[in-house]
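Each remark here refers to the structure printed beneath this line.
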Amino acid sequence: MNAQDDAGWTPASAAPTADLWALIEWRSSRTPDATFLSTADGRSLTFQAYRNACRRAAAGLAAGGVGPGSVVAWQLPTELDATVLIGAGTWLRTVQVPLLTSYRQRELAGVVRQTRPDVLVVPRTWRGNDHAALASQAQLVEPAMGVVVVDGKLPDADPAGRDRPPPPSTDGPHTQWGFYTSG
């Protein structure tokens with residue numbers, strides 16, 4: 001007898017491990033209505049709703065010029081938007097650089113100088129800090145960098161015609177993540 005969790009997953013139906021988007025698709029197809037994520041304020045996403053939100057955000061970012069290999073730095077609270085942005089970036093095959101929301105001008109400028117992001121995604125404000133203003137100052141370091149201010153909603157577009165993520169790079173290993181810490 002196979003063990004089964006409350007969302008229907010069994011060890012016999014092993015999940016893909018080589019690609020995060022393949023894992024998102026796999027789980028969404030098996031347990032579309034199971035809860036993927038719930039927040040303290042009562043919001044939640046099912047696996048299918050998460051997949052769809054990621055694809056819509058990916059299409060919105062792509063409409064703004066983000067594509068495979070684009071460096072997307074983001075400074076979002078660890079809430080639904082950050083989770084959806086992870087999936088969207090994975091679908092687009094971007095290089096993701098998640099940043100602590102505690103970073104201020106000096107730290108943000110240092111990261112921008114080192115990673116040269118194509119786009120920086122920030123909340124308008126978070127815990128009394130004006131992240132939109134910080135992002136504008138960071139553009140002085142990297143003028144070509146776009147800024148997306150998330151004011152309760154990530155970029156959003158219809159993903160029609162984009163049924164599959166771009167293929168993985170075939171020219172050897174490539175960077176998918178860049179991490180910074182508080183230390």
Side-chain angles (χ1 to χ4, degrees), residues 18-25 28 45 48-101 103-126 129-180:
D19 180 77
L20 180 56
W21 187 257
L23 177 61
I24 292 168
E25 288 282 2
S28 174
L45 287 173
Q48 185 68 40
Y50 174 66
R51 175 194 173 275
N52 293 343
C54 292
R55 291 190 65 226
R56 290 194 67 82
L61 289 167
V66 175
S70 292
V71 178
V72 179
W74 47 272
Q75 190 178 33
L76 295 175
T78 53
E79 294 182 345
L80 287 177
D81 285 341
T83 306
V84 170
L85 191 59
I86 290 168
T90 299
W91 195 94
L92 287 168
R93 306 222 185 267
T94 65
V95 177
Q96 297 190 56
V97 184
L99 303 172
L100 298 171
T101 55
Y103 282 5
R104 297 296 170 260
Q105 193 55 50
R106 185 181 60 133
E107 295 91 355
L108 193 54
V111 170
V112 166
R113 207 174 284 110
Q114 289 177 346
T115 64
R116 302 186 57 172
D118 297 292
V119 67
L120 174 62
V121 181
V122 298
R124 181 161 308 285
T125 60
W126 174 249
N129 294 298
D130 188 344
H131 287 274
L134 290 170
S136 291
Q137 289 297 311
Q139 278 185 306
L140 298 174
V141 174
E142 185 62 37
M145 177 183 73
V147 172
V148 173
V149 177
V150 176
D151 214 357
K153 188 170 173 130
L154 289 168
D156 184 76
D158 184 355
R162 295 182 168 125
D163 296 331
R164 300 173 189 255
S169 172
T170 58
D171 58 358
H174 64 282
T175 302
Q176 294 176 329
W177 293 90
F179 290 101
Y180 287 80

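Every residue meeting the side chain to side chain donor-acceptor pair (under 3.5 Å) condition with Asn129, not counting sequence neighbours, appears here in chain and number order: Arg104. Qualifying side chain to side chain donor-acceptor pair (under 3.5 Å) partners for Asp81, counting only residues two or more places apart in sequence or in other chains: none. Residues meeting the side chain to side chain contact (heavy atoms under 4.5 Å, CB included) test with Ala62, sequence neighbours left out: Leu92, Arg162. Partners of Leu140 under the side chain to side chain contact (heavy atoms under 4.5 Å, CB included) rule, at least two apart in sequence or in another chain, are Gln137. Partners of Trp126 under the ring-ring contact (aromatic ring centres under 6.0 Å, His included) rule, at least two apart in sequence or in another chain, do not exist in this structure. Here Gln114 pairs with Tyr180 under the side chain to side chain donor-acceptor pair (under 3.5 Å) rule; sequence neighbours left out.
Separating the CD atom in Gln176 from the CG atom in Asp19 is a distance of 7.5 Å, to the nearest 0.5 Å. The structure places CG of Leu80 at 5.0 Å from CG of Leu45, a figure rounded to the nearest 0.5 Å. The CH2 atom of Trp177 sits 7.5 Å away from the OG1 atom of Thr94 when rounded to the nearest 0.5 Å.
Note on residues 50-87: pairs passing ring pair (Phe, Tyr, Trp, His ring centres under 6.0 Å), not counting sequence neighbours, are Phe36-Tyr50. Listed by first and then second residue, the side chain to side chain donor-acceptor pair (under 3.5 Å) pairs that reach into residues 147-156 are Arg56-Asp156, Arg124-Asp151, sequence neighbours excluded.
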Validation: residues 115-122 side-chain donor-acceptor distances under 3.5 Å, sequence neighbours left out:
{"residue": "Thr115", "atom": "OG1", "partner": "Val111", "partner atom": "O", "Å": "2.9"}
{"residue": "Asp118", "atom": "OD2", "partner": "Val71", "partner atom": "N", "Å": "2.7"}

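Remark: side-chain polar atoms of Gln139 are not paired, donor with acceptor, to backbone N or O of Gly146 under 3.5 angstrom.
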